[in-house]
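Just below is one structure, and these are the notes that go with it.
All of these numbers come straight from a predicted model, not from anything done at the bench. Sequential numbering from 1 along the given sequence is applied to the chain's residues.
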Amino acid sequence: MASLNVGNLGEYLREQRRQAQLSLRQLSEAAGVSNPYLSQIERGLRKPSADILQQLAKALRISAETLYVQAGILDERDRDEVETRAVILADPSINERQKQVLLQIYESFRKENALDTAGTAPADGAPDASATDVMP
């Protein structure tokens with residue numbers, strides 16, 4: 001069987017498994033995947049689905065987004081955005097309305113910075129009004 005182009009996913013998974021001090025069999029049982037299938041993933045012979053990656057991440061107690069980046073499902077910038085949103089949504093100290101407002105502000109800043117890097121920022125250097133409209 002030829003090795004698929006799955007980047008460093010297999011090596012990364014093997015290293016995470018070893019750091020967690022789990023055998024191949026222990027991880028396969030914890031993640032609910034077969035031992036031979038996990039072995040093939042680690043050797044780069046199989047490309048797992050996002051669902052399988054999520055099961056493996058949960059069993060390893062690591063971020064699923066990290067595995068998605070390793071597998072080429074997400075790029076590094078996407079992962080940062082997903083993780084930021086997840087942290088905001090998981091914060092128990094703020095209510096749902098506050099979370100939504102924070103996400104709106106975050107998105108407006110991302111859009112503003114994307115415009116700035118594309119060279120289409122307002123000529124006077126003033127921030128986009130949408131970034132300040134959400135603030136009280």
Heavy-atom side-chain proximity of Ser63 to Tyr68 below 4.5 angstrom: no
Spacing of CG belonging to Leu60 relative to OG1 belonging to Thr66, to within rounding of 0.5 Å: 11.0 Å
Side-chain heavy atoms of Gln26 within contact of Ser23, under 4.5 Å: yes
From CZ (Arg25) to OG (Ser39), nearest 0.5 Å: 11.0 Å
Side-chain ion pair, Lys99 and Glu96, N-O less than 4.0 Å: yes
Test item: side-chain donor near acceptor, Asp91 and Ser93, under 3.5 Å: yes
Within 6.0 Å of CD in Gln19, more than 12 heavy atoms from elsewhere: yes
Donor-acceptor contact present, side-chain Arg17 to main-chain Leu22, <3.5 Å: yes
Spatial distance of atom CG (Leu56) from atom CD1 (Ile62) [nearest 0.5 Å]: 8.5 Å
Value rounded to 0.5 Å, distance of CD in Glu11 from CZ in Arg43: 13.5 Å
Ile94 reachable from Tyr106 in the ILVMFWY side-chain graph, under 4.5 Å edges: no
Charged N-O contact under 4.0 Å between Arg85 and Glu107: yes
Nearest-0.5 Å distance that lies between atom CZ in Arg110 and atom CG in Leu115: 12.5 Å
Expected output: side-chain Gln98 to main-chain Asn95 donor-acceptor under 3.5 Å: yes
Side-chain (Gln55) to main-chain (Ala31) donor-acceptor, under 3.5 angstrom: yes
pair Ile41-Val33: side-chain heavy atoms closer than 4.5 Å: no
Side-chain heavy-atom pair Gln104, Ser108 within 4.5 angstrom cut-off: no
Contact summary for Lys47 and Ala71, nearest pair of heavy atoms: CE-O, 3.7 Å
Flag side-chain contact, heavy atom, 4.5 Å: Leu53 against Leu9: yes
CG on Leu27 to CG on Leu38, rounded to 0.5 Å: 5.0 Å
